[in-house]
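Report on the following structure.
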Amino acid sequence: MEERELVELSQKGDEEAFGALVKKYKMKVFNLAFSFIRNQETADDLAQEVFIKAFFGLGQFRFKSEFGTWLYRITVNHVKDYLRKKGRMIKMSFENFRMTQPVEEDEVARIENEQAVEQRRKLVHQCLQTLPEKYKVILTLRDIQGFSYEEITNILKISPGTVDSRLHRARKMLREKMAPFLIEKGGFHEM
Amino acid sequence: MKCKKAERLLLRSFDGRLKNGEREELGKHLKSCLSCRKKSKDYQLLFEALKEKDFSEPRPYFWERLQAKLKESKKPEPWLLWKQWGMRAIPLSLLLIVLLTTALVFSFLHRNEELSQSGILLFRNSNPIQETKALLEAEKIEDRNMMIIFTSLEGKNDSRRYSP
């Protein structure tokens, strides 16, 4: 069955059709929520709430955009609401990421072990949480979830020019936040 | 090329959004600028770290759990109802108010005004005190009083009754 047909049936209250849409989009919605929250249980709860919101809001969906785009917009707004209500500005604890002396060139390769990569990922994600909301959102959509510029334009309802400039600013800010952990030659300190 | 422009092009290059000329221009700059080469390496590592290595999955029975919640919340929240119907209710209410006002104005303009006894007499071009004049002109007090009593009994208006 075509997606449009499934949406139309769901608008009439057909749960089975809505179930097919949930099956198709649950992973993407869950992962999008997870990218912001970094907690599996909360992301699962948020994904469920997003689908409930979508089900009851389907009457307002007029096929002006793709169903997926509409759903991702609900997800982003719902997660933003959640974070605001929770007042959860995840504070960075740099204590877990004590800097060591810059390593020699021949030792750089050693950084690429699994543990260091994982720590680096955690550090970058923690730095990301400290960015202002609009930059955090755009970086999550583009650099974590890999949405295209066009998709981001539709999800956030902003112009392509704004996507370009906001993304540029967000990436620069993230690099600045990471500055204490970056070595002079480029790349990270050993962790 | 200035480093500021190089950084913009560098970030666009990660999205594969560079034109041929720009790519060559950036390549030349990177060869000659140590600071931009460092930035390039930093960004590369940042993007690698940002990318989700392995996507996690929602908890099992996602749809079944959702289905149960949907059944629970079949009766939508009041704010959802307002969101759904509120916008439609506004023009409808306005139309109703306009219709009611129009009906009230028309009924006010065309209502039949009830005239007082004096008003009726004046309307008929009669003298409103003609009746009273005859009574007052009666010679005997008893006759006058009796006439007043009978006249007041005939009249519908209580205010005209004689009260000694």
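Values in this document were obtained by computation on a predicted structure and should not be read as measured data. A note on names: the letters A, B, ... follow the listed sequences, proteins ahead of strands, and every chain is numbered from 1.
Both the backbone and the side chain of A47(A) have a heavy atom closer than 4.5 Å to some heavy atom of chain B. Contact of K23(A) with chain B is not made at all, since no heavy-atom distance falls under 4.5 Å. Heavy atoms of E15(A) lying under 4.5 Å from chain B belong to its backbone as well as its side chain. Both the backbone and the side chain of R65(B) come within less than 4.5 Å of a heavy atom of chain A. Looking at Q44(B), neither its backbone nor its side chain comes within 4.5 Å of chain A, counting heavy atoms on both sides. With a 4.5 Å cut-off on non-hydrogen atoms, H125(A) touches chain B through its side chain but not through its backbone.
Side-chain N/O atoms of Y72(A) and E66(A) include no donor and acceptor closer than 3.5 Å. Side-chain N/O atoms of Q145(A) and S35(A) include a donor and acceptor closer than 3.5 Å.
Of the residues listed (K5(B), K2(B), R12(B), R8(B)), the one engaging E25(B) in a salt bridge (charged side-chain N to carboxylate O under 4.0 Å, His left out) is K5(B), and it is the only one.
Among the candidates K51(B), E57(B), K69(B), the residue making the largest number of heavy-atom pairs closer than 4.5 Å to chain A is E57(B). Chosen from E41(A), E49(A), K172(A), the residue pairing most often with chain B at heavy-atom distances under 4.5 Å is K172(A). Put simply, of D15(B), L11(B), L34(B), the one with the most heavy-atom pairs under 4.5 Å next to chain A is D15(B). Options L167(A), N31(A), T140(A) differ in how many heavy-atom pairs under 4.5 Å they form with chain B, and the most are formed by N31(A).
Separation of the F67(A) and Y25(A) ring centroids falls under the 6.0 Å cut-off.
Classified by interplanar angle (parallel below 30°, tilted 30° to 60°, perpendicular above 60°), the ring pair F63(A)/F61(A) is tilted.
Cation-pi geometry between R171(A) and Y43(B) is not satisfied (NZ or CZ under 6.0 Å from the ring centre, within 45° of the ring normal).
Counting only heavy atoms from C-beta outward, the side chains of S65(A) and N154(A) never approach each other to under 4.5 Å.
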